[in-house]
Amino acid sequence: MMLRTDGGIVDIELLRPTSIVEKLGLEPGVYMPFEVEELKSESWATVVSIESCPPIHDGDGSVITG
């Protein structure tokens, strides 16, 4: 969850390797700097949860990671 400068809330879900989560020391409750150019948002985000990746199905297309 990230607060925008106009007071809005941005819910963010990302698919990241366990190694990055561990390297950054991420866990629920941790604050981290976060920027989303498309939303013109740059702020601190709060890690709300860390969960296992859902199954990735075979087929056309690419996995979207964020």
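Note that this is a predicted model, so its numbers are computed, not measured.
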Which heavy-atom pair separates S49 from P28 by the least distance, and what is that distance?
CA-CG, 4.1 Å
Does a side-chain heavy-atom distance below 4.5 Å link V47 with E27?
no
Is any side-chain heavy atom of V30 closer than 4.5 Å to one of T46?
no
Is it true that [X] and [Y] fall in one hydrophobic cluster, defined by side-chain heavy atoms closer than 4.5 Å?
X   : Y   : result
L15 : V10 : no
F34 : I50 : yes
V48 : I9  : yes
M2  : I20 : yes
I12 : V21 : yes

Rounded to the nearest 0.5 Å, what separation is found between the CZ atom of R16 and the SG atom of C53?
12.0 Å
Residue set satisfying side chain to side chain donor-acceptor pair (under 3.5 Å) with S19, at least two apart, ordered chain then number -> none
